[in-house]
Amino acid sequence: MSTDGAPGPATQPATRAIPAKPSLDGVEERWSAVWRDQQTYRFDRAVGRERVYSIDTPPPTVSGSLHVGHVFSYTHTDLIARYQRMRGREVFYPMGFDDNGLPTERRVQNYYGVRCDPSVPYDPGFTPPAKPGKEQIPISRRNFVELCEQLTLEDEKGFEELWRRLGLSVDWSCTYATIDRRSRAVAQRAFLRNFARGNAYLAEAPTLWDVTFRTAVAQAELEDRNRPGAYHTLAFPKASGDGDVIIETTRPELLPACVALVAHPDDERYQPLFGKTVRTPLFGVEVPVVAHRLADPEKGSGIAMICTFGDLTDVIWWRELNLPARAVIGRDGRLLPDPPAAIDTEAGRAAYAELAGKTVHAAKTRIVELLRESGALKGEPRSIEHPVKFYEKGDRPLEIVSTRQWYLRNGGRDEQLRAALRARGAQLNWHPPHMRVRYENWVDGLNGDWLISRQRFFGVPFPVWYPLDADGEPRYDAPILAAEDSLPLDPSTDLPPGYTAEQRDVPGGFTGDPDVMDTWATSSLTPQIAAGWIDDPDLFERVFPMDLRPQAHEIIRTWLFSTVVRSHDEHDLLPWSDAAISGWILDPDRKKMSKSKGNVVTPMGLLEEHGSDAVRYWAASGRPGTDTAFDVGQMKIGRRLAIKILNASRFALGIVGGEGGAALSTGIATGDAASEATLAAVTEPLDRALLASLADVVDAATAAFDGYDYTRALEVTESFFWTFCDDYVELVKGRAYGGAGEAGAVSAQATLAVALSTLLRLFAPFLPFVAEEVWSWWQAGSVHRARWPEAAQLRKLAEAAPSRQLEVVGVVLSAVRRAKSEAKVSMKAEVASARVTAEPDVLALLAPVSADLRSAGSITDLALLDGTGEIAVAVELAPRPAAV
RNA sequence: GGGCGUGUAGCUCAGCGGGAGAGCACUCGCCUUACAAGCGAGCGGUCGCAGGUUCGAACCCUGCCACGCCCA
C-alpha cells in the first residue's frame, strides 16, 4: 500500500465513470456539498503540535459586505492551507466574524431604526418595527446588543455561503464571532491579566476625542486630512507694558485656553522674552513665555500660543513644561459654559460669555470679531490648507479633551518594551519581507500607550466596578476587578463580589464601568479566541502559537501590531511564525477598488459568471504584498485551463482505462508512482524524460509553496501542463494506442496515469473543483486529502533520464509544425523527410525518441546529422494528394 | 516632508550581472476522432529618464521623473 493518493479520513462515493462530455457546470454546488457532508476539511485534533498547521484567519466585518478584495486575499490563504494539508499537516483553519464595534452599531441603528439609551430599562418583549420609523426608538443597552447579535447572525450566513462556493477549505465547525461569549471572556480575561501585571491602567489625561461619536479615539485610528484653515495674527501685550508680542494661530477660539507662549530655545528673536510674561488679549490672563525644542522658528512668527488643548504638540508642551490646564472644549465639541478659573476679570468673563456654548466653528467666528474690535487682531486672516486629525470613521476634526480612560502598555511610553516589540517584528517571517518595515515604522512612531476604552455600547465591557464613596463619587483608585471564573460579564447588570443589587449607583455602594473596549482590544486576541485559550486548553496546546497570520497591509499598525502586543504580554511569544500580507485589488485605472468609486463587482456574481476555479486562478496571480489589477481576462484564462484539464484528463484516462489499456493493475491505473507495477511498466525514453521534467516541476512548485510564493507554484505547473498536452500527449498518442507494440503502449499508459495524478494534485490547491471532479472519475477519496506529489518517486521512474530531452524533442516538433503552418497545410500532412542537424549530444537525446517523433509529425524519413550550433531542421513535405 | 513599493511588448505580468520572455490581444493558417471555449505559426519592446561601476547592466550604485501605499 502506498501513500500516494491514499484516501483521507473522509470517505467518498465510489469512483464514477468518465463522462463522455465533461463539463464544469455545477461543480461548485456538487463538490462543496460533498466536502461539507464528508467533513473533508475537518481539523483532526488528535495529532500533535508538530504536525499541525494553524491559521489565524482574519474575521471579516459582517456589517459590511464582502467585495472582490476579500475573495482575492482569502483565496491566497486557502492556497496555503490546501498545500499544507496535502503535505500531511493537519490544518487548523477557523473562520471568524467581526461583529464587534461601531460599524455594527451603526448598521443596527439604521436597519431597525433604534438607538441605544443606557438609561432605558431592558424590555424582554421588545421587537423592532418591520420598517424603521422616522424617529429612532430608544432602547436599553441589552436590547440593543441583542439586536446586534440577531442581525450579525444573519449576515454571517451569507458570508459562509460565499466562502463555501469559493471553495475555502475552512473547518466550519471552528467559527467564532468577536462579540460572542468566548470572545468576550477572552478579552476580559486578557484585560484582567494585563491589569494584574500593571500593563493595563486607568488614567486621566488629554485624549483625542470624536465629538460626533462622543468617544475617545486611539492613535491607530487617526488619519490626517487636508482642510482649509487660516492664520490669525494676534498681539499679546507684554506684562511689563513695553509693547506687544505677535503670534500666529489657526485656532483663535482657543485663546481662553492659552497657558503660555512658546519659542525655540535657540531663537534669538525671543530669547529676551523667556521667563517674562504677557497677557492674553480679551481675557487678560497673564501667561509665561517659555522655550521648547518643538517650537518651529520657521512657522509663522516663530512663536506660538500653547492651549489646552489644540493639538498633540500642546499636550507634549503641557506635560513637559508642567503647565496648568484650562480646558474650554467639552465632549460635545462646544465651548464649556463656564470660563477657566484663570479668567478672573470682569471683561475677560464677559468676553468668554460671548463664546460659551458655541460650537468650535461658531466660537471662532465670534472671537475673530471680538479680536478685531479690540484691535488685537493684526491684519486679516490668511487662508491656508493644513493637515487636520480626524477619526478615520468620523467627519469632524478631533478635539482633545481631558478624560479618564483605560490604557494598555504598548511601548509608546517605554523604550524597553518598544525595543522588545520591535524585536518581535524582526522575529516574524514576513511575506513579502519588506512589509516588516511598516511594522517598525509604526512601532518607532508610537507616542503614547494604547487607549482601549471607548464610550460606546456594543462592545466588550470592562469587567470592572468602582466603589462609590459617601458622596456617590466613584473611587477610581480602588477598582473592583471581576474574578476570572465569572467571565464574561457585564458590570452594568452583573454584581461585583460582596455587593447586592440594591447598592448599585447609591452612595457607599458601587457602579459599573460604563465603557466598552476598543474593537482591536478584542481582535488582537483572535489567536487566543480561535484556539480555545480559555475553554479548550487541549486545543490551545496543539495550535498555539499559530503558523500563519494572513492579512492586508493597511492594518499592520492595528491588527498585526496589537496581536503581537497581546501575545508578547500574555505568553511571551510571537503569536505566529509567518505573516502573509496581501495586496490591493486595483481597478483598470490602477486605483484601489472601492465602493465610493462605484466600481465594485459583487463576489457572488463573479463566481457565478466565471466559475470559482477561474476566479481563484486570477487571485492566485497576485503575489503576497503585490497589488493586482482586477482582470476578467485572467479569469477567462483560468476557466479555459479548468476546461483543458477536464478534456486532457478524459483523453488520458480514455487511453489508460480503454480497451487493451492499463486496467493492468491498480498501481498503474491510478497513476501510483510508488508502485512496483508502474516502475516495471515505464520503459520508454520519452516517458522517462517526461517524468524527469515533472519531477523538476514538483520540486519547483514545492519550493515555491514553502516560500509562500503560490503564484510561482501555479506558473510552473501550468506551463508544464500545456507542454504535457501539446507536445508529450501528441508525441505519445500513436504509441499509447498500441502503434509500437505492447510494451511501448503500457509504458505510455503508465506515464499518462502518473503524470495526470501528479498534475491534478499540483493543481488541487488552485482549482479545487475541477481537480476534485477529475479525481473522482478514477480515484478513491478526495484529492484534497491526497498526498502532495514527491519528486523522488518520479525520479525513480525516470531512471536518470535527462529532462532536457523533452525540450529538444519539442524544438524539432516545432520546426516540423512551422513548415506545415507556413505551407498552410494540416498538421497531419505527411512529411517526406526531415533532416535534423545538431550537436552530437543533442542527437544523442533525439535518437531514442525518433519513433515517437516520426509518429507525431507523420514523418516518413527522419535523418539525424552531426553538425554544430543551433538545431536546424530541413523539412520536405510530401506532395499533396491530387485535388479531387 | 519621511519611509516602502512599482515603472519591461497594446494589456496583465515574469526575469533581477552574460541569449529580452510568457499569457492575453492582434495577424496568418489548420475541421488534427480529448478539447474550435481547440491546435499550429507569426507580428510586436533604445526593459521610466540621466549618469556611474563592470570586459559586459533590464538586472548593481547615484540622481531625477511618474504612479501607488504607509506615516508626518
Side-chain angles (χ1 to χ4, degrees), chain A residues 18-24 219-220 222-224 226 296 298 311-313 386-389 430 432-447 552-558 581 583-584 586-592 610-611 614 617-618 621-623 625-656 658 709 711-712 714-716 718-719 722-723 725-727 729-730 733-734 736-737 752 756 774 813-829 856-858 870:
Chain A
I18 302 163
K21 184 77 184 162
S23 158
L24 293 176
Q219 186 184 353
L222 301 185
E223 64 184 39
D224 283 357
N226 278 328
D296 183 357
E298 305 292 315
D311 62 19
L312 291 172
T313 317
H386 62 157
V388 178
K389 295 209 182 306
W430 296 81
H434 67 80
M435 288 296 175
R436 194 189 73 236
V437 178
R438 300 205 179 193
Y439 175 95
E440 290 171 349
N441 287 348
W442 176 250
V443 175
D444 293 346
L446 287 170
N447 56 27
H553 52 63
E554 82 275 18
I555 52 174
I556 288 173
R557 62 175 180 158
T558 47
I581 310 296
W584 299 112
L586 306 177
D587 69 14
D589 301 328
R590 307 218 56 88
K591 292 276 187 287
K592 184 195 164 194
H610 300 281
Y617 175 90
W618 159 73
S621 72
R623 291 184 147 73
T626 306
D627 295 345
T628 301
F630 177 76
D631 187 356
V632 172
Q634 206 61 23
M635 296 174 202
K636 290 182 173 158
I637 297 164
R639 184 163 184 87
R640 207 176 310 184
L641 173 63
I643 291 168
K644 188 76 174 179
I645 290 172
L646 283 182
N647 285 318
S649 301
R650 182 177 102 82
F651 174 69
L653 294 177
I655 291 174
V656 171
D709 189 356
T711 306
R712 176 88 192 134
L714 173 58
E715 252 169 32
V716 295
E718 185 186 10
S719 158
W722 288 105
T723 305
C725 290
D726 297 339
D727 288 1
V729 168
E730 293 302 326
K733 242 180 203 173
Y737 278 127
L752 284 169
L756 185 62
V774 172
L813 189 61
S814 179
V816 172
R817 286 168 171 166
R818 186 177 308 116
K820 292 180 183 179
S821 194
E822 282 169 1
K824 301 189 177 181
V825 298
S826 156
M827 285 298 138
K828 69 177 185 185
S858 305
E870 300 283 295

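Below, chains carry the letters A, B, ... as their sequence lines are ordered, and counting in each starts from 1. In this text the structure is predicted, and so the values were computed from the model without any measurement.
Using a cutoff of 4.0 Å between basic side-chain nitrogens and carboxylate oxygens, A:Asp726 and A:Arg817 are not scored as salt-bridged. No salt bridge links A:Lys389 with A:Asp311; every basic N to acidic carboxylate O contact stays at or beyond 4.0 Å.
Nucleic acid contact class of A:Ser621 (heavy atoms, under 4.0 Å, all strands): none. Among the atoms of the strands shown, none is found under 4.0 Å from any heavy atom of A:Trp618. Note on A:Arg818: only backbone sugar-phosphate atoms sit closer than 4.0 angstrom, heavy atoms only; bases stay farther off. Within 4.0 Å of A:Asn441, counting heavy atoms only, lie sugar-phosphate atoms of the nucleic acid but no base atom. Heavy atoms of A:Arg623 sit under 4.0 angstrom from primed sugar atoms or phosphate atoms, though from no base atom.
By the 4.5 Å heavy-atom criterion applied to side chains, A:Glu554 and A:Ile556 are not counted as neighbours. A:Thr628 is not listed as a side-chain neighbour of A:Leu586, based on a closest heavy-atom distance of 4.5 Å or more. Counting only heavy atoms from C-beta outward, the side chains of A:Arg818 and A:Glu822 approach each other to under 4.5 Å. Considering only heavy atoms from C-beta on, A:Trp722 stays 4.5 Å or farther from A:Asp727 through its side chain. When side chains are defined from C-beta on, A:Leu752 counts as touching A:Val729, because their heavy atoms get closer than 4.5 Å. Residues A:Gln219 and A:Arg557 are not in side-chain contact: their nearest non-hydrogen atoms beyond the backbone lie 4.5 Å or more apart.
B:C16 and B:C59: their P atoms are spaced 13 Å apart (whole Å). Taking the P atom of each, B:C49 and B:G10 are spaced 14 Å apart, rounded to whole Å. Taking atom P in both B:A57 and B:C67, the straight-line distance is 30 Å, to the nearest Å. Taking the C1' atoms as reference points, B:A58 lies 15 Å from B:U6, given to the whole Å. Rounded to whole Å, the separation between the P atoms of B:C13 and B:A9 comes to 12 Å. Comparing the C1' positions of B:G5 and B:A37 gives a spacing of 38 Å, expressed to the nearest Å. Between B:U32 and B:C43, the two P atoms lie 26 Å apart (nearest whole Å). Rounded to the nearest Å, the gap between the C1' atom of B:G17 and that of B:U54 is 9 Å.
When the P atom of B:G5 is taken as reference, atom CZ of A:Arg436 falls 11 Å away, rounded to whole Å. Across the protein-nucleic acid pair, A:Leu586 atom CG and B:C69 atom P stand 9 Å apart, rounded to whole Å. Between A:Glu440 atom CD and B:C70 atom P the separation is 19 Å, expressed in whole Å. Rounded to whole Å, the distance from CG on A:Leu813 to C1' on B:G40 is 10 Å. A straight line from CG of A:Asn226 to P of B:G1 spans 13 Å, rounded to a whole angstrom. Atom CG in A:Leu24 sits roughly 12 Å away from atom C1' in B:C35 (whole-Å rounding). In this structure, the CD1 atom of A:Ile643 is 12 Å from the C1' atom of B:A36, given to the nearest Å. At whole-Å resolution of the value, CG in A:Leu646 and P in B:C35 are 13 Å apart.
Checked against B:G42, B:C4, B:G40, the side chain of A:Ser821 finds its nearest nucleotide in B:G40. With B:U12, B:A34, B:U32 as the candidates, the nucleotide lying closest to the side chain of A:Ala629 is B:U12. Relative to the side chain of A:Arg817, the nucleotides B:G40, B:C70, B:A37 differ in distance, and B:G40 lies closest. Of the candidates B:A41, B:G23, B:U32, the closest approach to any side-chain atom of A:Ile637 belongs to B:G23. Checking B:A34, B:A41, B:U32 against every side-chain atom of A:Ser826, the shortest atom distance belongs to B:U32. The listed nucleotides are B:A25, B:U12, B:C69; the one nearest the side chain of A:Arg640 is B:A25. Residue A:Lys644 places its side chain closer to B:A34 than to any other of B:A34, B:C69, B:C13. Among the nucleotides B:G40, B:C4, B:C70, the one closest to the side chain of A:Asp726 is B:G40. Closest approach to the A:Glu730 side chain among B:G40, B:G29, B:C35 is made by B:C35 (side chain taken as heavy atoms from C-beta onward). When the nucleotides B:A37, B:U12, B:C69 are ranked by their closest atom to the side chain of A:Arg639, B:A37 comes out on top.
The shortest distance between the side-chain N/O atoms of A:Lys733 and the OP1/OP2 oxygens of B:A34 is below 4.0 Å. Look at A:Arg438 and you won't find any side-chain N or O under 4.0 angstrom from OP1 or OP2 of B:G3. In this structure, A:Thr628 does not reach the B:U12 phosphate: none of its side-chain N or O atoms is under 4.0 Å from OP1 or OP2. Residue A:Tyr737 places at least one side-chain N or O under 4.0 Å from the OP1 or OP2 atom of B:A34.
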* Asked: Where does RNA chain B pair, written as one dot-bracket string 5' to 3', with Watson-Crick or G-U pairs under 3.5 Å, ( ) inside the strand, [ ] for crossing pairs and | for another strand?
  -> ((((((((.[[[[.)..(..]]]].(((((.......))))).....[[[[[..)....]]]]]))))))).
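Residues meeting the side chain to side chain donor-acceptor pair (under 3.5 Å) test with A:Glu718, sequence neighbours left out: A:Tyr617.
Checked by distance alone, A:Lys824 brings no side-chain donor or acceptor within 3.5 Å of a matching partner on the base of B:C30.
When the nearest nucleotides of RNA chain B are assigned to A:Ala648 and A:Glu223 by heavy-atom distance, the more 5′-ward of the two goes with A:Ala648. Two residues, A:Trp442 and A:Glu822, neighbour RNA chain B, and the one matched to the more 5' nucleotide by heavy-atom proximity is A:Glu822.
Proximity of a side-chain donor or acceptor of A:Lys820 to a complementary backbone N or O of A:Met827 within less than 3.5 Å is detected.
In this structure, the ring of A:Trp584 has its center less than 6.0 angstrom from the ring center of A:His553.
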